[in-house]
2 protein chains.
Amino acid sequence: MTQDEATRDRVVRVADELFYTRGVQAVGMDAVRAAAGVPLKRIYALFGSKDELILAVLRHRMSVWDAGIAAEAERAATARDRILAIFDFLDAWFREPDFRGCGFINAFGELGAASPAVTEAVREQKSTFQEYLARLVAETGAPADLAPQLAILAEGAQTTAAISGTPEAARQARAAAVTLLDAAIHHAGDLVPG
Amino acid sequence: MTQDEATRDRVVRVADELFYTRGVQAVGMDAVRAAAGVPLKRIYALFGSKDELILAVLRHRMSVWDAGIAAEAERAATARDRILAIFDFLDAWFREPDFRGCGFINAFGELGAASPAVTEAVREQKSTFQEYLARLVAETGAPADLAPQLAILAEGAQTTAAISGTPEAARQARAAAVTLLDAAIHHAGDLVPG
DNA sequence: TACCTTAGAGAACGCACGTTCTCAGCGCAA
DNA sequence: TTGCGCTGAGAACGTGCGTTCTCTAAGGTA
């Protein structure tokens, strides 16, 4: 890793934490400079603008999220357990003291109306997650319709936990996921009785 | 309605639309003045500060939301159908051309970190919704655990629809709600088979 | 040592915006 | 008619912040 890459990485990590904790617009570039210990001139040489830094932060957060989900999932043996591991992952995350909701949803609410690039980045991370879920659902043999339903549960759990300030949404979403999985697998191919 | 009340109402409605469409921080007080046709001096006499205006807007949006849900629900005969009517309500909302997600979730993402008052207002509207759902669930005879699960589906559908830009999350969440309702009512009191 | 390039620290600039102030006009009591 | 309080329109003020500029110091090369 070159010096530039190391500095870039450091700035992105620091900015990510600040943006997530306080909100993007509430954090000035000077706060990033102070926290990263990197001169403004250097930051602007590396990123060009705050908007570019924001996108770099979103990309970084996306890779961290993907790695975290994958790490939690690979400890489970079956696809069904890997799906449920996602909700255990959420549970642990919600209990972290500085949990403040999904950074992508927050960024979308804050900047999505004004920035198509932010919207695009957020949309990309959500669709990556949905595709991951779709693969797991396919492995279980359940109908493909199940995947977006589980994704909606995961999204809802994140906002509910953030706003309520409690982690219980993870457990509730997990229970719902179990019900949906059981219904999809046990009754696969059946019509819902009237 | 006094003159003051009418002007307050006008300013709140206009600000609500601007805040929702462009984001709260992206809308200056001067834009509110121009759109409402009310002098800044008058706005500040009525609200005191932008922060107060934001809270008034959130309160207004909460009452509109509650009324909208209630209007859609009262057309249904049974508690089960009133629950499902919520998802039909979401479906219609998601198809509106200027739909941009849940205004409360967006406001939380944008301002929650900096403003406890905003967090409190958002939390209040979510808990009002959860209580409403809990009453409907109780009417169906399903276990109380079902209510937060349905709430999570509704939340997740809103963020998913906002970010994806498509309304299909409403249909998917509704299908999941049907499965959860059926499972809760058919198997009420049972243990999940191993 | 003398010179050139580069980087760091912080001041400076320009702009946007929340809030307040100024001033002109208008209704109204005597 | 003559003041007087109120209101509207917009200028003005202070501040914060994204971005750029300036100055100084250091490091490498003849």
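Chain letters run A, B, ... following the sequence lines, proteins first and then strands; every chain starts at 1.
Computed from coordinates, the Glu52(A) CD to dG18(D) P distance equals 15 Å when rounded to whole Å. A straight line from CG of Asp30(A) to P of dG18(D) spans 9 Å, rounded to a whole angstrom. To the nearest angstrom, P of dC17(D) lies 11 Å from CD of Gln25(A). Following rounding to the nearest Å, Ile43(B) (CD1) and dT7(D) (C1') show an atom-to-atom distance of 14 Å. Protein atom CZ of Arg42(B) is 17 Å distant from nucleotide atom P of dG10(D), rounded to whole Å. The nearest whole Å value for the distance from the CG atom in Asp51(A) to the C1' atom in dT19(D) is 12 Å.
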Under 3.5 Å, N/O pairs linking protein and nucleotides 20-28 of chain D:
none

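Closest to the side chain of Met29(B), from the set dG18(C), dG8(D), dG18(D), is dG18(C). Nearest to the side chain of Ser49(B), among dG8(D), dT19(C), dG8(C), sits dT19(C).
The closest side-chain heavy-atom distance from Leu181(A) to Arg80(A) is below 4.5 Å. Within the 4.5 Å cutoff, the side chain of Val12(B) has heavy atoms near those of the Phe47(B) side chain. In this structure, the side chains of Phe108(B) and Val118(B) stay at 4.5 Å or more apart for every pair of heavy atoms. Looking only at side-chain heavy atoms (C-beta outward), Phe104(A) and Ile163(B) stay at 4.5 Å or farther from each other. When side chains are defined from C-beta on, Gln158(B) does not count as touching Thr159(A), because their heavy atoms never get closer than 4.5 Å. A 4.5 Å side-chain heavy-atom check between Val57(B) and Leu53(B) finds at least one atom pair inside the cut-off.
Contacts classified as side chain to side chain donor-acceptor pair (under 3.5 Å) and involving residues 123-151 of chain A (residues at least two apart or in different chains) are given here: Arg82(A)-Glu139(A), Lys126(A)-Glu155(A).
Near DNA chain C, meaning a heavy atom under 4.0 Å from it, residues 11-22 of chain B has no residue at all.
When all heavy atoms of Val24(A) and Lys50(A) are compared, the pair lying nearest together is O-NZ, 3.3 Å.
Under the 4.5 Å side-chain heavy-atom criterion for ILVMFWY residues, a single connected hydrophobic cluster contains both Leu84(B) and Leu153(A).
At the heavy-atom level, Val27(B) lies under 4.0 Å from the strands shown only through sugar-phosphate atoms.
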